[in-house]
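Below is one structure; the comments refer to it alone.
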Amino acid sequence: MSIPTSRSLPWPAALPASSRQRVEATLDPLPEHRRTTFALRVARWWDDLLEGLAPYPHPAEVGARVVELAAAAYLARDEDLHLLDERRSLEPDWFQRPEMVGYAAYADRLAPPGTGLAGIAQRAEHLRELGVRYLHLMPLLRPRPAPNDGGYAVADYRQVREDLGTMEELRELARTLRGQGVSLCLDLVLNHVAREHPWAAAARAGDERYLRYFHVYPDRTVPDRYERTLLEVFPDFAPGNFTWDEELDGWVWTTFNSYQWDLAWHNPDVFCEMVDVILFLANHGVEVLRLDAIAFLWKRMGTQCQNEPEVHQLTQALRAAARMVAPALIFKAEAIVGPNEVVHYLGQGRHHGKVSDLAYHNSLMVQIWSMLASRDSRLATHALGRFPAVPSTTAWITYLRCHDDIGWAIDDADARAVMIEGWRHRQFLSEYYSGEFAGSSAEGLVFQANPATGDARISGSAASLAGLGAALHQLAAVEQAGDREQRRVAAMAVDQAVARVLLGYAVIYGWGGIPVLWSGDEVAALNDERWAEVPEHADDNRWAHRPRLDWAAVLEAREDPSSATGRVYAGLRQLARVRAELPHLHASAAAETVASPDPGVFAVVRRHPVGPMLQLYNVTEQPRTVPGWWVSELGLPAEQSVDALNGYPPNLTDDGSVYLSTYQPVWLVRP
């Protein structure tokens with residue numbers, strides 16, 4: 001087939017001639033091969049774009065506007081980013097590969113104090129040691145003055161926080177990271193903007209165009225009808241979903257906080273504005289966009305206004321627009337919803353593989369902590385096993401901890417299936433991880449307790465939830481007393497806490513997709529006891545697990561691998577090294593939970609053309625065994641396998657059972 005010339009670019013027939021002419025005029029400064037590439041991409045993604053724009057009355061008109069925006073962004077794209085696009089087009093599975101390990105942090109808490117974005121590059125060696133190929137920097141686009149929901153109340157999508165630097169410094173950081181094989185991920189808040197955003201300011205000034213960017217009502221009639229079915233995100237400090245604004249002289253929709261105004265996505269102008277923002281950030285070198293609060297975009301009376309079908313249609317349209325300009329850019333859906341809903345953010349049915357490329361596996365995180373508290377894998381095996389299959393071109397983001405609290409998303413039906421009561425188990429987990437349950441050494445903080453339902457979310461770092469802080473305190477106390485037996489018991493408690501952290505991370509590193517390490521977990525950071533000293537943080541105890549990276553602890557961990565921090569640091573490096581060499585952990589191979597003969601052992605099988613992989617996790621402090629015959633039935637005879645985590649055959653008992661010590665993970669593969 002001959003290459004089209006500039007006179008016969010393969011534009012979609014439905015693209016209006018007037019738009020086509022404007023696009024060709026925009027692209028005229030580019031060489032012919034660049035113009036041809038853009039036209040081919042538009043032709044490839046046009047149908048997906050139009051299908052996604054179906055919620056609007058005139059999809060083709062909106063689509064033409066999008067193509068014109070895309071042409072302008074394509075013209076402005078740097079040459080090195082065009083090269084990245086070509087490479088990623090040839091390696092579409094780049095983010096699914098087992099060598100992908102992620103790291104998430106607040107920029108100002110990762111970089112040396114006062115260095116902003118420029119200082120992130122100083123942590124490059126640290127990230128390389130941990131095997132990091134993906135860096136998620138928490139909200140850094142310019143927010144409103146505090147309070148600003150940790151940066152999620154954005155006042156300007158095209159500026160960086162002043163204390164961090166400039167957009168040019170962001171572009172340079174992305175270029176530096178890219179040169180080291182690290183992809184930069186940023187948050188894009190889709191559902192709302194800050195009250196101080198120029199769109200909101202124009203609406204308050206009475207500009208009719210921008211009033212239509214928001215949901216504004218003159219009285220409580222319509223808001224009250226919506227409220228009958230809406231949930232409250234922050235019932236303690238932001239009850240309700242609407243706020244009266246004096247300047248606006250009306251009630252405005254505010255799902256999260258009174259200063260965060262929900263955008264009216266039924267207005268195609270809002271869609272086009274967001275397309276332009278996405279392409280702007282892509283042209284600054286961002287490779288992954290975390291689509292924050294995406295579940296809330298579409299409002300429909302009589303529903304919870306979450307997970308509506310239009311959300312997936314519009315995400316498909318956004319993705320198609322981005323692919324026209326920047327195939328290197330991928331989307332990550334921040335949708336903390338149930339299994340039957342979250343899979344739609346990776347694409348189901350007619351949206352199969354056409355929406356977000358990544359999604360958070362919140363349920364995996366919840367079930368890990370549930371297993372560690374209950375010492376029982378049956379609920380996790382059932383709940384995780386009923387997840388619908390996701391497209392083989394997508395991947396989960398897995399994590400043990402993140403910037404947010406833990407909401408105990410235990411489904412009542414899942415609980416009943418394993419003969420427990422869902423509400424009672426959720427209550428148990430809240431009590432266990434807040435340290436209220438007898439025998440618990442966890443040091444979590446209760447966040448947003450709901451007296452009506454008894455539910456309570458939990459804040460806290462992985463190490464504090466695993467009981468390391470309490471164990472270290474106990475060890476320090478008995479060392480002063482000099483009692484050898486008490487010291488042995490206390491040292492064992494420290495060992496077990498370290499093992500719990502590493503076991504949790506072994507599960508997420510072994511699940512596939514992109515395991516993301518929360519900053520500080522690599523050195524077993526404990527809760528920040530001074531979290532409330534920053535005035536705007538005082539009412540939000542999630543800041544307890546968002547400490548500044550303790551660089552002295554990093555240096556100590558490197559120098560003393562026998563310390564608690566050193567063991568966690570070394571263990572995470574080993575997990576990354578082993579993971580990178582195992583094709584079984586490519587995200588296209590699904591993780592399958594299987595019921596273990598011993599409920600104290602969590603079992604996962606991954607089937608790959610090179611052979612099966614069986615992962616066994618002892619979620620208790622007692623040694624456990626699983627029968628050799630059972631392992632063989634899964635296609636991997638124990639006596640013919642090795643534990644990839646240490647390179648040796650598994651420990652077998654006299655009867656051929658696989659032996660697992662306290663909180664031991666085992667990854668069995670064929671040698």
Side-chain angles (χ1 to χ4, degrees), residues 93-103 126-134 181-182 361 364 368 395-400 462 498-518 521-524 557-558 561 565-593 601-619 626 631 634-636 638 640-651 658-671:
D93 70 333
W94 64 273
F95 61 91
Q96 297 181 289
R97 296 176 178 180
E99 62 264 28
M100 287 297 292
V101 171
Y103 189 95
H126 175 58
L127 298 177
R128 280 197 301 272
E129 283 198 1
L130 295 167
V132 170
R133 304 288 298 275
Y134 157 111
V182 178
H361 205 318
L364 180 62
I368 292 171
W396 291 112
I397 292 286
T398 60
Y399 56 106
L400 186 62
V498 167
R500 282 191 285 270
V501 172
L502 290 175
L503 180 79
Y505 269 106
V507 175
I508 71 161
Y509 275 57
W511 194 261
I514 304 179
V516 175
L517 178 64
W518 178 242
D521 279 4
E522 70 268 40
V523 290
R558 292 173 177 172
T565 57
R567 282 180 282 166
V568 170
Y569 191 75
L572 290 170
R573 292 181 63 193
Q574 172 69 359
L575 282 172
R577 283 195 295 266
V578 172
R579 186 181 197 278
E581 299 300 322
L582 292 173
H584 317 73
L585 294 177
H586 192 285
S588 62
E592 172 192 347
T593 60
V601 176
F602 179 54
V604 178
V605 172
R606 299 182 67 86
R607 304 191 186 279
H608 190 275
V610 302
M613 176 184 189
L614 174 62
Q615 302 171 14
L616 302 172
Y617 303 97
N618 179 0
V619 297
V626 293
V631 174
L634 292 172
L636 196 67
Q640 299 175 20
S641 64
V642 297
D643 180 358
L645 289 172
N646 58 32
Y648 293 100
N651 289 325
V658 177
Y659 174 91
L660 293 92
S661 62
T662 299
Y663 295 116
Q664 183 184 2
V666 170
W667 289 357
L668 294 180
V669 296
R670 290 199 176 103

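The structure presented is a predicted model; accordingly, all values stated were derived computationally and were not measured.
In this structure, the side chains of Y509 and V101 come closer than 4.5 Å at one or more pairs of heavy atoms. H361 places none of its side-chain heavy atoms less than 4.5 Å from the side chain of I397. R558 is listed as a side-chain neighbour of E129, based on a closest heavy-atom distance under 4.5 Å. When side chains are defined from C-beta on, P98 does not count as touching L582, because their heavy atoms never get closer than 4.5 Å. Annotation: side chain of H586 is in contact with side chain of R97 (closest heavy-atom distance under 4.5 Å).
Nearest heavy-atom pair, L636 versus V631, reported as atom, atom and distance to 0.1 Å: O-CG1, 2.9 Å. Smallest separation of non-hydrogen atoms from E592 and R607: OE1-NE, 3.5 Å. Minimum heavy-atom separation, V501 to A462: CG2-O, 4.2 Å. Closest of all the heavy-atom pairs between A587 and A395 is CB-CB, 3.7 Å. Minimum interatomic distance between Y569 and V523 (heavy atoms only, all atoms of both residues): CD1-CG1, 4.4 Å. The two residues A589 and H584 have their closest heavy-atom pair at CB-O, 3.8 Å.
When only modelled atom types and interatomic distance are considered, Y659 and Q664 share no side-chain donor-acceptor pair under 3.5 Å.
In this pair, F602 and W511 present their aromatic rings parallel. The plane angle is below 30°, not in the 30 to 60° band.
Although no hydrogens or angles enter the test, the distance criterion places a donor-acceptor pair under 3.5 Å between the side chain of N618 and the main chain of S661. R500 places no side-chain N or O within 3.5 Å of a backbone atom of Y663 that could act as its donor or acceptor partner. At least one donor-acceptor pair under 3.5 Å links the side chain of D643 to the backbone N or O of W667.
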